[in-house]
Peer 1: 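My structure is below; once you've seen it, I'll send some questions.
Here the structure is a predicted model, which means the values were calculated and not measured.
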Amino acid sequence: MLRVNSVKIRISENNEKGYRKAVVKKLHLQEKELLSLEPAKVSIDARKKDDIHYVCSFDIKIENEERFIKNNRDKDVIIFKKNLYRPFGDKEAASKIFEKLCSFVNSNKLPRPIIAGSGPCGLFCALKLAETGLKPLVIERGEDVDSRKQTVAGFWEGKPLNTGSNVQFGEGGAGTFSDGKLNTMVKDKDGRMGEVYRVFIENGADKSISYINKPHIGTDRLCNIVKNIRKRIIELGGEVRFNSCLTDIIINDGKVSAVEINKREIIKTDRLILAIGHSARDSFEMLQKKNVDMEKKSFAIGVRVQHPQSLIDRSQYGEMYKNLPAADYKLTCNLENGRSVYSFCMCPGGYVVNASSENGRLCVNGMSYSGRDGKSANSAIVVSVSPEDFPSESVLAGMEFQRILEEKAYNAANGKIPVQTLKDFKENKASEAISTDNTPDCKGLWELSDINSFLPEFMSDSIKMAFPGFGKQINGYDNDDTLLLGLESRTSSPVRIKRKDDFQSTNIKGLFPAGEGAGYAGGITSAAMDGLKVSEAVIRSYGNFT
């Protein structure tokens, strides 16, 4: 196979016919010589507004590839081999390993592994364990995705919060009510990212996620995908229980021996995968009481910022925006006060959603559907915070910090999403009116307020200092009628549950901290990849089967 890089494609020819035409021209081939073609990377080059085009890489097959490479001096053409996900060798070797593993587990009457959490990390870990025949049990405090959608919709309309099933908890995890972004900075030398994309596509995602720059699924499609993955786990002999919260871990002689569910049911296990998510605060408190090794970590807090999507599109693409997908952006600013302010989880054509999970506390997130066709763009604009900013020396001090700010945000707008114009935010006064051209696009009730009333002064000041620079990068970003909505406080886990090279806890055998909640991932793809890593570690923990 050959990889052909840096292929320029016109906006009007972003299709298979246009791809073949461009590759044939670049390589000076005849059409019949191009045996096959698959996109490997497709991104928009908008650096020159009068020459916006796609830049692509393709994997192709032609006859006599080595001879072609020898005679072709184009540095954009190389012989390429994909990194396949084969942690236990080829299919035949893996099959023998899994057969031996299952025989060992069954003959020794070992309990099945239990996975706490059904977000991307938990689902992918469970799927891979189920494929080996280990028949894992997944426990999830929230509801199945269909019930969860109804519960969340009711909350957004004003019904009481369900603290067990909400935007943070339930089948699919927090990512279910998001943009469904799949981009990650994690390297893929072992093929795990490709495997994550393959599983998503197999369960309903569009094939384009494997090659478009900054791929996303959208909350509407993601709901069906996670449901299909759950069905596959069950088909393979696994079990998934909803409304089943991990309330205790029974530890004997430094080893996991059982778990408690809903404070009443005890299930024996010697392998517990903690894929609990970044908002499982009661679980963090339980782990602290069990003396599980944890440490504080840095994260970020801030607000959501909303603009008309057309403003972002015009700034990024010029008048070509009508022929292109909704534009996104990435902003960062390092201030003289030592703080970093940056955009996070940008949602083109999306909504700001009430993402609260505790009574009397409020936080928000961003969400987009697969079409990204809403009239507004939103992104978190957050400020880096570190343990030095936290209110105590407790390992859970970052969580305490989140809770303090979320309580203030809840009280600032009577439990509704606080909304303020940028002009009023700068002037430290509550907004009394907003422009009809940029009204809040929210899932959840909102109310005009003063965001300064709940942000720490260093955070408010940092955000104010960053906006002029952002306005220079995106025309109109710092307009007076720009909307700020708060509080964005769940950017990542406030703790890291320490683990060794074998992925087990540093002080509890059989406990496998995993994913975003444990501090080892950030986003859907990296969480799913960590789920794969942990599944491999669990398999290896049974003995020398590899």
Side-chain angles (χ1 to χ4, degrees), residues 10-12 14 42-54 178-181 183 208 212-220 302-332 342-353 364-381 417 419-426 431 433-444 446 448 463 466-486 488:
R10 294 178 180 175
I11 297 299
S12 60
N14 182 34
V42 175
S43 59
I44 297 172
D45 185 344
R47 289 173 294 179
K48 297 180 180 179
K49 300 297 183 286
D50 59 349
D51 183 28
I52 297 178
H53 55 272
Y54 287 94
S178 71
D179 188 44
K181 293 179 185 63
N183 50 301
S208 64
I212 59 172
N213 189 37
K214 299 180 181 178
H216 81 107
I217 294 178
T219 186
D220 46 341
V303 296
R304 280 270 150 187
V305 176
Q306 180 188 301
H307 298 87
Q309 182 63 47
S310 58
L311 181 149
I312 304 300
D313 291 343
R314 281 193 171 94
S315 179
Q316 300 293 73
Y317 299 144
E319 290 309 310
M320 281 293 295
Y321 80 92
K322 297 177 182 178
N323 301 314
L324 292 164
D328 64 4
Y329 60 81
K330 185 176 182 179
L331 301 169
T332 185
Y342 57 93
S343 62
F344 174 81
C345 188
M346 194 268 156
C347 295
Y351 305 86
V352 177
V353 305
V364 298
N365 194 14
M367 184 185 86
S368 295
Y369 295 108
S370 56
R372 287 180 166 176
D373 51 4
K375 68 180 181 66
S376 301
N378 74 77
S379 175
I381 295 295
I417 299 173
V419 177
Q420 187 176 24
T421 65
L422 179 58
K423 180 177 184 294
D424 292 335
F425 176 65
K426 291 177 178 178
S431 291
I434 54 177
S435 169
T436 56
D437 294 331
N438 189 28
T439 55
D441 253 347
C442 292
K443 298 289 185 179
W446 59 273
L448 294 177
I463 292 173
F467 260 92
F470 293 162
K472 292 178 181 178
Q473 296 179 61
I474 298 179
N475 186 32
Y477 199 87
D478 58 344
N479 286 347
D480 285 348
D481 62 351
T482 294
L483 293 184
L484 278 63
L485 305 91
E488 177 87 21

Peer 1: What closest approach, in Å, do Thr219 and Ser178 show between heavy atoms, and which atom pair accounts for it?
Peer 2: CB-O, 3.5 Å

Peer 1: Measuring only between side-chain heavy atoms, which start at C-beta, is Tyr342 closer than 4.5 Å to Leu331?
Peer 2: no

Peer 1: Provide the closest heavy-atom pair for Val419 versus Pro440 in the form atom of the first, atom of the second, distance.
Peer 2: CG1-CG, 3.9 Å

Peer 1: What are the two closest non-hydrogen atoms of Cys347 and Gly366, and how far apart are they?
Peer 2: SG-C, 3.4 Å

Peer 1: May I have all residue pairs that pass salt bridge (Lys or Arg N to Asp or Glu O under 4.0 Å) and include part of residues 308-328, sequence neighbours excluded?
Peer 2: Lys214-Asp328, Arg314-Glu319

Peer 1: For Ile474 and Gln316, which heavy atoms make the closest approach, and how far apart are they?
Peer 2: CG1-OE1, 4.1 Å

Peer 1: Check side chain to side chain donor-acceptor pair (under 3.5 Å) between Asp478 and all other residues, then give those that pass, not counting sequence neighbours.
Peer 2: none

Peer 1: Report yes if the side chains of Val305 and Phe467 come closer than 4.5 Å at any heavy-atom pair, otherwise no.
Peer 2: yes

Peer 1: Can you tell me how far apart NE2 (His307) and CD1 (Ile312) are? Round to the nearest 0.5 Å.
Peer 2: 5.5 Å

Peer 1: I'd like to check Asp437 versus Pro308 (side-chain heavy atoms, cut-off strictly below 4.5 Å). Are they in contact?
Peer 2: no

Peer 1: Consider side chain to side chain donor-acceptor pair (under 3.5 Å). Of Thr482, Thr439, Asn438, which one does Gln306 pass it with?
Peer 2: Asn438

Peer 1: Taking Thr421's backbone N and O only, do any of them form a donor-acceptor pair with Asp424's side chain (distance below 3.5 Å, no angle check)?
Peer 2: no

Peer 1: Quick one: pull up NZ in Lys375 and OH in Tyr351 and give me the separation to the nearest 0.5 Å.
Peer 2: 9.0 Å

Peer 1: Over all heavy atoms of both residues, which pair between Ala327 and Pro348 is shortest? Give the atoms and the distance, please.
Peer 2: O-CB, 3.6 Å

Peer 1: Specify the closest pair of heavy atoms between His216 and Tyr369, including all atoms of both residues, with the distance to one decimal.
Peer 2: CE1-O, 4.0 Å

Peer 1: More than 12 heavy atoms of other residues, nucleotides or ligands under 6.0 Å from NZ of Lys330: yes or no?
Peer 2: no

Peer 1: Which residues pass the salt bridge (Lys or Arg N to Asp or Glu O under 4.0 Å) test with Asp45, sequence neighbours left out?
Peer 2: Arg47

Peer 1: Given side chains that start at C-beta, do those of Tyr317 and Ile44 come closer than 4.5 Å, heavy atoms only?
Peer 2: yes

Peer 1: Decide side chain to side chain contact (heavy atoms under 4.5 Å, CB included) for Arg304 and Asn365; before the verdict, give the C-alpha distance in whole Å, the side-chain angles of both, and the deciding distance to 0.1 Å.
Peer 2: CA-CA 7 Å; Arg304 280 270 150 187; Asn365 194 14; 3.4 Å; yes

Peer 1: Give, for atom CZ of Phe470 and atom CG of Leu422, the distance between the pair rounded to the nearest 0.5 Å.
Peer 2: 11.5 Å

Peer 1: To the nearest 0.5 Å, what is the distance between CZ on Arg10 and CD1 on Ile52?
Peer 2: 15.0 Å

Peer 1: Rounded to the nearest 0.5 Å, what separation is found between the CG atom of Leu311 and the OH atom of Tyr477?
Peer 2: 10.0 Å

Peer 1: Measuring from Arg372:CZ to Asp179:CG, what's the distance to the nearest 0.5 Å?
Peer 2: 4.0 Å

Peer 1: Return yes if a side-chain donor-acceptor contact under 3.5 Å exists between Asp441 and Ser376, otherwise no.
Peer 2: yes

Peer 1: With the side chain counted from C-beta on, respond yes when Ser431 and Lys423 share a heavy-atom pair under 4.5 Å apart, and no when they do not.
Peer 2: no

Peer 1: Any side-chain heavy atom of Pro215 sitting closer than 4.5 Å to one from Asn183?
Peer 2: yes

Peer 1: I want to check something: taking the side chain as every heavy atom from C-beta on, are Glu488 and Phe344 in contact at a cut-off of under 4.5 Å?
Peer 2: yes

